[in-house]
There are 2 protein chains.
Amino acid sequence: MGITKTEIFTEQQNEIATFAKAFGHPARVAILQHLFKINACICGDLVEEIGLAQPTISQHLKELKNLGLIKGSIEGTSICYCIATENWIKMKKVMMQFLDQDISNESCC
Amino acid sequence: MGITKTEIFTEQQNEIATFAKAFGHPARVAILQHLFKINACICGDLVEEIGLAQPTISQHLKELKNLGLIKGSIEGTSICYCIATENWIKMKKVMMQFLDQDISNESCC
DNA sequence: TTCTTTAATCGTAATATTGCAATGAACTTA
DNA sequence: TAAGTTCATTGCAATATTACGATTAAAGAA
C-alpha cells in the first residue's frame, strides 16, 4: 500500500533503484553536472545557478551526500561540495553493468 | 510546491531524470532484467516471478512501455513483452554520457 | 557583542508514487 | 452461448517526494 516492497528484491536490484532514484530528478542531475563542470568545488551559488530556493537545493544536496555521491567540507563561512570520486566510480560500475546487458538480436515482438 | 519545475532545466537534464526515474524502482529493474535474461518474450509470469499483484506489475509495465523501453504484442490470449532494442540503445547512450563525465583528479574536499 | 553571511533544519502544502481489490475487455475453449 | 484465461483499467488508501517560508546554527566582520 504505497510502500515499496524492498524485501522481495535482490540487494543488487535495490541498489540500482536507489542510485537511479538519485538521478531521477533534474535538479540533482543539474547539481552533479555543475560539480563536474566547475572543476573546483562550488558551494551556494548552486542556488543561483539552478534557480530553486536555498532550502530546496540544500535538501537535494543532502540526498546526494547521504548516498555518498558528493561530499562537502566547511570552507570558512561557506561549504564546498564536490563529487566523491571513489563512490562515483563504484556507482558507475553498478549502473553500467545494468545498462549494458546483452541484447539478443532476435527480439520476438 | 510539490511539483517538479521541469521548465528551469535543460531538455537533456529532464531526459536523464525521466529515464533514471524508470529505473528508480526495484520492480522495474527486476522486470527489465528478466526480459533480458529470458531471451524469448515473456508475458504474465512476471507476476509469478516477481511477487507483486498483477495490477501492480501491469502498471510498471505500462510505465516502461510509455517510455519506449519495452514493447508488447498480443500473442493469442496472452501478451508478449520484450526489450525495445533501438530505444534501449538510445537511452543507454544518454545515460552513459551522464555517468561517464570526466572526473578531475584534483578534488578539493 | 552585534550584525551579516551562508547553509541546514523545521514545518507544512501540493503533488506523485506504490500497491491492490474489484472490475472490465478481449480472446479461447468447451 | 457460457465459462475460463489473461491482462488492462478504475478507484482508493498509504506513503514518498518536491518545494519553500520561517527559523536556527555557525562563522566572520564591524
Side-chain angles (χ1 to χ4, degrees), chain A residues 1-9 13-14 17-32 34-35 41-67 70-82 109, chain B residues 1-9 13-14 16-31 34-35 41-67 70-82 109:
Chain A
M1 300 110 170
I3 187 167
T4 299
K5 292 190 163 175
T6 333
E7 334 82 59
I8 68 174
F9 301 104
Q13 286 164 344
N14 284 315
T18 304
F19 282 135
K21 209 184 285 181
F23 306 139
H25 194 288
R28 289 190 291 266
V29 171
I31 287 173
L32 290 165
H34 197 69
L35 288 183
C41 295
I42 282 301
C43 23
D45 30 30
L46 279 167
V47 174
E48 213 182 318
E49 176 73 21
I50 293 183
L52 288 170
Q54 179 265 319
T56 308
I57 297 289
S58 200
Q59 200 174 327
H60 286 303
L61 286 171
K62 192 180 172 186
E63 283 178 63
L64 292 172
K65 205 166 63 179
N66 284 345
L67 254 181
I70 65 174
K71 51 187 173 173
S73 59
I74 299 168
E75 188 127 325
T77 170
S78 60
I79 288 182
C80 169
Y81 282 105
C82 64
C109 41
Chain B
M1 300 113 171
I3 188 168
T4 299
K5 292 190 162 176
T6 333
E7 335 81 58
I8 68 173
F9 301 102
Q13 286 163 344
N14 283 314
I16 292 170
T18 304
F19 282 135
K21 210 184 284 182
F23 306 139
H25 194 289
R28 290 190 290 268
V29 171
I31 287 173
H34 196 69
L35 288 183
C41 294
I42 282 299
C43 22
D45 30 30
L46 279 168
V47 175
E48 214 180 319
E49 175 73 22
I50 293 182
L52 288 171
Q54 179 266 319
T56 309
I57 297 290
S58 200
Q59 199 175 328
H60 286 304
L61 285 170
K62 191 180 173 185
E63 283 177 63
L64 292 172
K65 205 166 64 178
N66 285 344
L67 253 182
I70 65 174
K71 51 186 174 175
S73 60
I74 299 169
E75 188 128 325
T77 169
S78 59
I79 288 181
C80 170
Y81 282 105
C82 65
C109 40

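In what follows, every chain begins at residue 1, and chains take the letters A, B, ... in the order their sequences are listed. No experiment lies behind these values; they were computed from the predicted model shown.
The aromatic rings of A:Phe9 and B:His25 lie perpendicular to each other, with more than 60° between the two planes, well past the 30° mark.
The distance between atom NZ of B:Lys21 and atom P of D:dT17, rounded to the nearest whole Å, is 12 Å. Atom NZ of A:Lys62 is separated from atom P of C:dA8 by 10 Å (rounded to the nearest Å). Between B:Phe23 atom CZ and C:dT17 atom P there is a gap of 16 Å when expressed in whole angstrom units. Summarising the geometry, the separation between CD1 on B:Ile70 and C1' on D:dA8 is reported as 13 Å, rounded to the nearest angstrom. Between A:Asn14 atom CG and C:dT18 atom P the separation is 13 Å, expressed in whole Å. When the P atom of C:dT5 is taken as reference, atom CD of A:Glu48 falls 14 Å away, rounded to whole Å. Counting to the nearest Å, the P atom of C:dA7 and the NZ atom of A:Lys71 are 19 Å from each other. Protein atom CG of A:Asp45 is 8 Å distant from nucleotide atom P of C:dA7, rounded to whole Å.
At D:dC20, one or more side-chain N or O atoms of B:Lys5 fall inside 4.0 Å of OP1 or OP2 (strictly under the cut-off). Side-chain nitrogen and oxygen atoms of A:Tyr81 include none within less than 4.0 Å of the OP1 or OP2 phosphate oxygen of C:dT6.
DNA chain D is contacted by both A:Thr77 and B:Leu61; B:Leu61 maps to the nucleotide lying nearer its 5′ end (nearest heavy atom per residue).
The CG atom of A:Leu32 sits 10.5 Å away from the CD atom of B:Gln13 when rounded to the nearest 0.5 Å. To the nearest 0.5 Å, the span separating CG on B:Asn14 from NZ on B:Lys21 amounts to 9.0 Å.
In this structure, the side chain of B:Arg28 does not engage the main chain of A:Ala17 through any donor-acceptor pair within 3.5 Å.
Closest non-hydrogen pair, A:Leu52 versus A:Ala27, comes out as CD1-CB, 3.8 Å. The two residues A:Ala22 and A:Leu67 have their closest heavy-atom pair at CB-CD1, 3.3 Å.
In this structure the side chain of B:Leu61 reaches within 4.5 angstrom of the side chain of B:Leu46, judged on heavy atoms.
Scanning residues 50-60 of chain A for heavy-atom distances under 4.0 Å to DNA chain D yields A:Leu52, A:Ala53, A:Pro55, A:Thr56, A:Gln59, A:His60.
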